[in-house]
Structures are given as C-alpha cells and as structure tokens.
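Working notes for the structure below.
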Amino acid sequence: MLQSRTRCQRYDTAEHAVRPGDDPQDAILQLNAHHHPKRRRKPPTRSNRNPSPDFHSPLRFLLSSPPSLFLVASAGRSTTIGTRILMDGSGPSNGGADGSGSAGGDGGGMLRPMDAEQLRECGHRMVDFIADYYKSIETFPVLSQPGYLKELLPETAPNKADTLEDLFDDIREKIVPGVTHWQSPNYFAYYPSNSSTAGFLGEMLSAAFNIVGFSWITSPAATELEVIVLDWFAKMLKLPSQFLSTELGGGVIQGTASEAVLVVLLAARDRTLRKHGKTSLDKLVVYASDQTHSALQKACQIAGIFPENFRVVKTDCNKNYAVAPEAVSEAISSDLSSGLIPFFVCATVGTTSSSAVDPLPELGQIAKAHDMWFHIDAAYAGSSCICPEYRHHLDGVEEADSFNMNAHKWFLTNFDCSLLWVKVSQANSVVDFKDWQIPLGRRFRSLKLWMVLRLYGVENLQSYIRKHIELAHKFEELVIADSRFEVVTPRNFSLVCFRLLPPSSDKDNGYKLNYDLMDAANSSGKIFISHTVLSGKFVLRYVVGAPLTEGQHVIAAWKLLQDEATKLLGSL
Ligand code: PLP
C-alpha cells in the first residue's frame, strides 16, 4: 500500500533555538518557512461567573466581555440554530446500520450531525481502524513524503455526502502515506509526542462533551478538574507550595510551551510597566541563552519587546551548553548602566538541541536580586522529574515565578497538553481560565491528563520514564563502543547527541558526512532521527520516547546507522 520514501531531497530536521542577532520578525518568517515542506528541504548550511475587578494579578492581562452577557447572547443564538440546522429527531437512523455507511445524511435534505446510534456504529469502525493502525505501525516508513496530496484530492469539497467507506479508503491510500509516524517505535526524532490508550480515551471524551470552557460557569467540572489535576502534578514534581491553587498560585493547561512562555512574558511585561510606567516598553530587556527555544523570541515579538532588547547569552561545550550565570549577570549590569530595565529571564531544563540544564539556583538568585520574572521551560525534560532520581534537575525552581512542561511530549498525554504553573495568579475564589491564556475558548484538556494519571498511576509512569532513559543509555553505550563515532555532549535524559567522526582530511569537519548519514537512515524508512548544530558540528539526535519503543528497536536502529556509516566511509 505504501511506497518507500524516495531518496534524497535535502531537508532540515533541526528545531531551532533562538538565533543571536536575528530580528524576531525574521524569526517568525523563518519558523513559517521551516514548516513549509518546500523550504524545509534545503541543504544544511553553517551559516467565574463575574468579571473580576482584580487587574493586579499578573496573569489578568486579558479581558473579555462580561461572561453573563456572552451567555445570554449565545443562548439566544443556539435556539435559532436548533430550529434551522439541527436534526429534528424524526426519521430512521442511518449511521451505517442500514449499510450505507453514511454518517452525514444521504441527500434527504436533513443533516443529522449527531445521532447516538450512528456515532456508535461509526465510532466502533473508527476505533477498529485506529487499533489496526497501531498494530501495523511498524510497517510504514517512519518519515513521510510531503508535497504529494494536492494531485490526489479534488479541488472543491463534495456537494453530496461521501460514505465512511470512501473516507477510509482515502485515509489508507492518500493520507497515511503522508503521515510521519510519531508513534512508531522507530521514531527517534525531535522530542517525542507520545500517545497512550488513556490519553486517547480522554481525548475522545473531551471531543464528546465538546465544551468551550472559558469560564467556571461554562462547565465547572472542566475548570475544577484542571485545578485539581495541576495540583496533583505539582505535588508529583515537588514544586514549591506557592505553585498550588491552595496558595496564591496555581496551574493551567496551555496548548503548547510557546503559548505558555508568551502568556508569562505578557504578565511579566505588564507587571514591570505598572512599576516603571507605560512608556518604558522600549527599555524592557529579556535574557535567555542561545540554546533557548525560539518560542521565546517569537513571544518577544508578539509582546512588543524591542528586538535589540533580546539578550542571547552564548553557551559552549565547556558547560555542556548550559548558560553561565556570570554571563547573564554581566549582561544585566551592562544594560542597567545603559538605563535599560532587565525584566525577564528564561532558563531551560532540557534544551531542545542537547537537553542541557541551565543552573536554576544561580539564575533564580540573579532574577530575584533585580526583581525580574524568572521562567523555567522544562517542556521535554520536566516529565522525568517525577522520578526522585531526576528531581534534582529542578532544584532552584523555588525562585521561579513560572514553570512549564509539556505533558504531551513525554507523559503519554495526547497532544496538546502543556502544563504551566505560576506563583501569583488571582485572588478570586473561582478561576476563569480565559484570563490565563491567549484565546477565550478552551478545550476540556484536563480529562486526558486525569485519565493518564488515574489509569496508569504514578509508579507506572515513573517506570515508563526510567525505561526510556535506560534505552537511551543502552544506545549511548553502543555509540561509545564503536570508535568511528563520538558522543558529543553528556546525556542527561533520553536524548543522545552523537556523530560519525570524519577523517582528518574532511573539509567541513563531518558536516556533510553526518547529514548524509542521517539522510541515508531516514530515507530507508526504517527510522527517523533529527539533528542539531553545536559549536559548528552537525550533530545527530537520537531520542527515546515513543510509546512502543523496546530494546530491539534501539539495537536495530544502531545497526542501521552502523551499516550506513560503513557505506559512507567506504565511499570517501
Ligand atoms: N521548549 C523546549 C525546550 C522545546 O524542546 C520545545 C519543543 O520541542 C518547545 C519549548 C516548544 O514546544 P511547543 O511545541 O509546545 O511550543
């Protein structure tokens, strides 16, 4: 059914850290370009009920129309919608029970968008389809072939309803070949975004309720479960009690780490402007390292931080790409003497390139000394800190104003589910999460996280994390045992950064050699790995985190890389 990926358009598998000196405007354009298939394939180069009157809480930076008005308005609308387009309940159920397989009506003029028996029939078939997909996932090339779909699909939407069978055929023949299989046991690229039965069921239930829980009253269970589950999680991570809802703080689920950092940056900006005056925006300075995720740079642009006030502190191999606190202090002193206002410092636990861990205690002290907002991005590595033996990576979190990690990366909670905690939120007894995020509407995301925690339990989740770290350790040992390779940075979690050593005569220090090795491995369809560039070296990134990965997958991946390396070195 599926063809192997054809070899060898050039592509970029690096997820970008901030780019020193970049205009954030360019950063946005680059990010957009990065996600565009054609641009990606370029060769590597070096080069509550009532609106709260409390405007003082840092996260209360967004206001919407009073919820009560909104509810009246929408209640009026839905009556009209109900008579105009919803099914009237008459007529036979047609959900495949009659054999047509049509889920949307067969042209009788009456759309029946939700019929319980139809859903049961179609839903069972979809679950069967998905279970079969997971059973056969290893047979698909892990990395997809983009840029093919336009020719396969019609230019306009169908006038008449298609059947579910037609749709399944198209999914099999036209969609699946263009899917990169993030849940494949042979997926080792970027950072994982793993799914699970529990996470999946939670997504289903969330889709079923399909609430828009912007305020407490729009679905109290959604807000209250989110508060409870985020408190549970904070306790699992042993976050300081100020991050709990029982104190002044609390947690909230954002879509992504990018949204999380934007939200806290805006809160920090407004806190600082209240202190220094609204006209001080051009003086506000943000500090991060050159390993910080580019999401911060994007957030700065959105928040109106002047591009020249975004300090990117250089890191190097001597500190394994963690930022040096002295360098951050120096940059702050220099800015203060120029009359600028340092206001935000971002540390990372598990950087995107090499999973480096910034020194939290020192950075926290610096931020405190200068009354700056201290944010910690632990998007990937945060999950590991539920294990006592990895919790030390969060030492220093006591000083943070905000802390973020993605449960949708390495915590078996289907995308999207990014957990953000703040120390100071709001004094109201009822939380309206619309004031803690960019959009108004929000999904019932806490269900899936709750189900993951309930159906697996903390002990199993800890074992699951440990297993991945052990598998990565095994891979690391295999790399070390082959003298043709080197491990480039010490492994902290389940990411191994390594490369094929180039011959001494190699002109670009193994840049092309390692690109070619990655491409050969990925083009085989058998595995998918990604890369980064550290100190000018093209470095291969191998991350264990997919839900089905076992020891045999690690061994097979290494054998493939060794074989491809032998071929490449033989052809030099
Ligand atoms: N921060 C770190 C350390 C990351 O590794 C990533 C993505 O991999 C992000 C932030 C951005 O994550 P998101 O896609 O949730 O915005």
Side-chain angles (χ1 to χ4, degrees), residues 12-19 27-28 30-32 34-35 180 182 187-195 252-265 286 288-302 312 315 320-323 344-358 360 363 375-385 393-394 397 400 402-411 413-421 437-439 443 445 448-449 489 492-495 497 528-534 539 541-546:
D12 182 2
T13 60
E15 195 177 342
H16 295 294
V18 295
R19 297 165 190 256
I28 293 247
Q30 281 156 5
L31 280 163
N32 290 338
H34 176 62
H35 291 295
T180 291
W182 284 63
Y187 177 95
F188 305 107
Y190 307 112
Y191 278 137
S193 182
N194 49 36
S195 70
V252 58
I253 302 180
Q254 304 281 331
T256 62
S258 307
E259 288 164 71
V261 74
L262 172 59
V263 166
V264 295
L265 186 75
V286 172
S289 92
D290 59 2
Q291 300 300 308
T292 306
H293 194 274
S294 60
L296 177 62
Q297 198 167 15
K298 203 191 224 183
C300 285
Q301 184 190 7
I302 298 170
V312 179
T315 62
N320 297 323
Y321 301 96
V323 76
F344 190 91
V345 57
C346 179
T348 309
V349 175
T351 57
T352 310
S353 267
S354 64
S355 71
V357 179
D358 286 333
L360 305 187
L363 292 175
H375 177 66
I376 298 174
D377 171 3
Y380 150 72
S383 298
S384 68
C385 300
H393 290 297
L394 295 190
V397 67
S402 48
F403 174 81
N404 170 233
M405 61 150 278
N406 284 350
H408 65 237
K409 271 188 163 40
W410 195 15
F411 204 77
T413 312
N414 293 40
F415 189 84
D416 52 354
C417 192
S418 183
L419 315 184
L420 172 68
W421 287 268
Q437 60 173 25
I438 305 300
R443 306 171 61 221
R445 292 193 189 101
K448 57 188 170 186
L449 183 56
T489 55
N492 284 324
F493 307 100
S494 71
L495 163 68
C497 289
F528 181 25
I529 57 171
S530 55
H531 84 278
T532 187
V533 177
L534 291 169
V539 176
R541 295 174 75 264
Y542 179 93
V543 195
V544 183

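Whatever order the structure lists them in is the order used to number ligands and atoms, beginning at 1.
Between Asn406 and ligand 1, at least one pair of N/O atoms sits closer than 3.5 Å.
In terms of protein heavy-atom proximity, atom 16 (O) of ligand 1 is nearest to Ser258 OG, 2.5 Å. Here the protein heavy atom with the shortest distance to atom 4 (C) of ligand 1 is Thr352 OG1, 3.3 Å. Distance from atom 10 (C) of ligand 1 to its nearest protein heavy atom, with residue and atom name: Asp377 OD2, 3.4 Å. From the protein, the heavy atom lying nearest to atom 6 (C) of ligand 1 is His293 CD2, 3.3 Å. The nearest protein atom to atom 7 (C) of ligand 1, hydrogens excluded, is given as Glu15 OE2, 3.0 Å; this is a heavy-atom distance.
Distance alone, capped at 3.5 Å, is enough to place a donor-acceptor pair between the Asn404 side chain and the Leu419 backbone. A donor-acceptor contact shorter than 3.5 Å links the side chain of Lys448 to the backbone of Asp416.
Contact check for Leu495 versus Arg541: side-chain heavy atoms found under the 4.5 Å cut-off. The closest side-chain heavy-atom distance from Asn406 to Thr256 is not below 4.5 Å. Side-chain contact check for Ser354 versus Asn320: every heavy-atom pair is 4.5 Å or farther apart. Put simply, the side chain of Val357 reaches to within 4.5 Å of the side chain of Phe493, judged on heavy atoms. Side-chain atoms of Phe411 and Cys417, non-hydrogen and from C-beta on, never get closer than 4.5 Å to each other.
In this structure, Tyr380 does not count as a contact residue of ligand 1, since none of its heavy atoms falls inside 4.0 Å of the ligand. Heavy-atom distances between His408 and ligand 1 reach below 4.0 Å in at least one pair. Close to ligand 1: Gly350, with a non-hydrogen atom less than 4.0 angstrom away.
Neither the backbone nor the side chain of Glu259 comes within contact range of ligand 1; no heavy atom lies under 4.0 Å. Neither the backbone nor the side chain of Val261 has a heavy atom within less than 4.0 Å of ligand 1. If you look at Ala257 next to ligand 1, the close heavy atoms, those under 4.0 Å, come from the backbone and the side chain alike.
Of the options Leu420, Val286, Val345, a side chain to side chain contact (heavy atoms under 4.5 Å, CB included) to His375 is made by Leu420 and by none of the others. The side chain to side chain donor-acceptor pair (under 3.5 Å) with Ser494 is formed by just one residue from the set Tyr380, Trp410, Tyr191; it is Tyr380.
Atoms of ligand 1 lying under 4.0 Å from any heavy atom of Tyr191, numbered from 1 in the order shown and given with element: 5 (O).
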